[in-house]
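Note: hydrogens, waters and symmetry copies are ignored here, and every other heavy atom, side chains too, is used.
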Amino acid sequence: MPRRAPYYGAVLVKWMRCTVTDRRGFEQGQRRWAGLLGEPGFRGQGGGWSTRQADVVHLFAFWESRSFYDSFMARSHDRIASAQVGTYTNMQIKLFDHRFDVKTGFEPRFTDADLVRIAHCRVHEESVEHFALMQQKVWNPAMAGSPGMVRGLFCEAPGSEFLVLSMWRSEAEHGKYREERVERLSLRAGIEKDLVGLDGDIVRLVPQWTV
């Protein structure tokens with residue numbers, strides 16, 4: 001197996017979401033993505049099944065730069081992806097730039113977490129800097145200090161769109177954080193004034209999908 005290149009910080013984050021129609025075929029095809037390990041600029045990939053929506057899959061890939069990602073898409077992507085053709089519908093793909101870590105020292109590793117919490121936020125243009133500041137000053141310290149929170153990142157796309165990913169050791173530990181802190185933190189951060197829309201999910205990671 002090719003050795004993974006040293007990690008210098010995830011610059012480009014790719015979030016993929018689809019509805020699986022052939023579970024066995026999809027999972028077999030997912031093994032083909034191990035070929036990413038030989039790609040220049042690739043930093044890691046993982047994902048799993050939604051805990052809230054039947055047959056929905058979320059995948060996350062990390063690249064050193066947009067140029068490395070574009071090169072992969074032009075050369076190798078279609079060959080690897082062909083193994084999953086016809087096994088899913090409603091594929092949605094979004095690209096984000098890594099802005100800062102939630103907790104410190106983010107690495108695109110999935111082996112020490114069971115869950116990924118996704119918060120996909122669309123923010124009023126005039127509220128972008130306040131939203132990012134509240135993430136740093138209110139949300140990040142609370143998540144970083146929560147038992148079971150492993151690591152996370154805050155990333156941005158054009159159009160005042162943000163993605164917050166947080167990795168957790170267990171569903172119980174994430175549930176406790178939600179019950180004890182989320183409502184209070186939302187009020188403190190004034191999140192309702194910043195947001196145009198918010199959607200999210202909780203993803204139970206599949207270890208075999210980690211590259």
Side-chain angles (χ1 to χ4, degrees), residues 10 12-20 43-62 92-123 131-157 160-192 194-211:
L12 184 73
V13 182
K14 182 178 184 179
W15 172 33
M16 297 156 278
R17 174 173 54 191
C18 66
T19 301
V20 173
R43 293 291 171 255
Q45 180 168 289
W49 297 95
S50 167
T51 62
R52 297 178 173 178
Q53 299 172 282
D55 301 320
V56 169
V57 159
H58 296 270
L59 296 162
F60 314 96
F62 302 85
Q92 299 173 54
I93 296 172
K94 289 186 176 290
L95 300 176
F96 294 84
D97 290 315
H98 173 226
R99 185 156 171 180
F100 52 77
D101 294 344
V102 178
K103 214 166 181 175
T104 57
F106 179 83
E107 294 183 26
R109 291 190 293 113
F110 297 86
T111 53
D112 54 354
D114 288 336
L115 295 179
V116 174
R117 163 64 178 164
I118 306 166
H120 177 218
C121 309
R122 295 174 299 284
V123 178
F131 179 77
L133 181 65
M134 291 300 98
Q135 181 69 40
Q136 289 181 299
K137 300 296 186 183
V138 176
W139 293 99
N140 283 15
M143 279 195 279
S146 296
M149 194 277 187
V150 179
R151 67 181 67 83
L153 79 168
F154 178 85
C155 43
E156 182 176 4
S160 308
E161 192 172 353
F162 297 87
L163 185 68
V164 185
L165 298 181
S166 57
M167 298 184 183
W168 297 80
R169 278 197 297 262
S170 74
E171 195 165 356
E173 287 169 316
H174 176 259
K176 186 175 182 182
Y177 164 76
R178 282 186 58 82
E179 290 172 9
E180 294 180 354
R181 300 195 180 191
V182 167
E183 185 175 354
R184 175 171 51 85
L185 293 169
S186 296
L187 290 171
R188 184 180 168 195
I191 193 170
E192 289 188 3
D194 292 340
L195 290 177
V196 176
L198 170 65
D199 61 86
D201 209 342
I202 299 173
V203 183
R204 185 169 290 109
L205 294 171
V206 178
Q208 294 83 356
W209 296 0
T210 297
V211 182

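For the pair Phe154 and Val102, the tightest heavy-atom approach, listed with the atom from each and the gap, is N-CG2, 4.1 Å. Closest non-hydrogen pair, Pro108 versus Phe62, comes out as CB-CD1, 3.4 Å. Closest approach of Pro141 to Gln136, counting heavy atoms only: CD-O, 3.2 Å. Shortest non-hydrogen contact noted between Trp168 and Pro147 is CZ3-O, 4.0 Å. Scanning both residues, Ala113 and Leu205, for their nearest heavy atoms gives O-CD1, 3.5 Å. Looking at every heavy atom in both residues, Val56 comes nearest to Arg17 through CG1-CG, 4.0 Å.
Side-chain contact between Arg109 and Arg151: present, with at least one pair of heavy atoms (C-beta onward) separated by less than 4.5 Å. Annotation: side chain of Thr19 is not in contact with side chain of Gln53 (no heavy-atom distance under 4.5 Å). Between Leu115 and Val203, the closest side-chain pair of non-hydrogen atoms is not below 4.5 Å. At a threshold of 4.5 Å between non-hydrogen side-chain atoms, the residues Arg43 and Glu107 do not count as touching. Contact check for Phe100 versus Gln135: side-chain heavy atoms found under the 4.5 Å cut-off. In this structure the side chain of Val123 reaches within 4.5 angstrom of the side chain of Leu195, judged on heavy atoms.
For Phe96, the ring-ring contact (aromatic ring centres under 6.0 Å, His included) criterion is met by no residue, not counting sequence neighbours. The side-chain hydrogen bond (donor to acceptor under 3.5 Å, both in side chains) search around Trp15 returns His58, not counting sequence neighbours.
A distance of 9.0 Å separates CE in Met167 from CE in Met149, rounded to the nearest 0.5 Å. From Arg122, atom CZ reaches atom CG of Asp194 across 14.0 Å, with rounding to the nearest 0.5 Å. Distance check: Ile118 CD1 to Asp199 CG gives 9.0 Å after rounding to the nearest 0.5 Å. If you take SG on Cys155 and CD on Glu161, they are separated by 10.0 Å, rounding to the nearest 0.5 Å. Between atom CG of residue Leu59 and atom CD of residue Gln45 there is a gap of 6.0 Å, rounded to the nearest 0.5 Å. Atoms NZ and CZ, on Lys14 and Phe60 in that order, are 13.0 Å from each other to the nearest 0.5 Å.
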Quick one: do Asp97 and Val13 satisfy side chain to side chain contact (heavy atoms under 4.5 Å, CB included)? Show the steps, please. CA-CA 6 Å; Asp97 290 315; Val13 182; over 6 Å; no
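Below 30°, between 30° and 60°, or above 60°: for Phe106 and His98 the angle between ring planes is between 30° and 60°, a tilted geometry. The aromatic rings of Trp49 and Trp209 sit tilted, their planes meeting at an angle between 30° and 60°.
The salt bridge (charged side-chain N to carboxylate O under 4.0 Å, His left out) analysis of residues 200-209, with sequence neighbours excluded, yields the pairs Glu171-Arg204.
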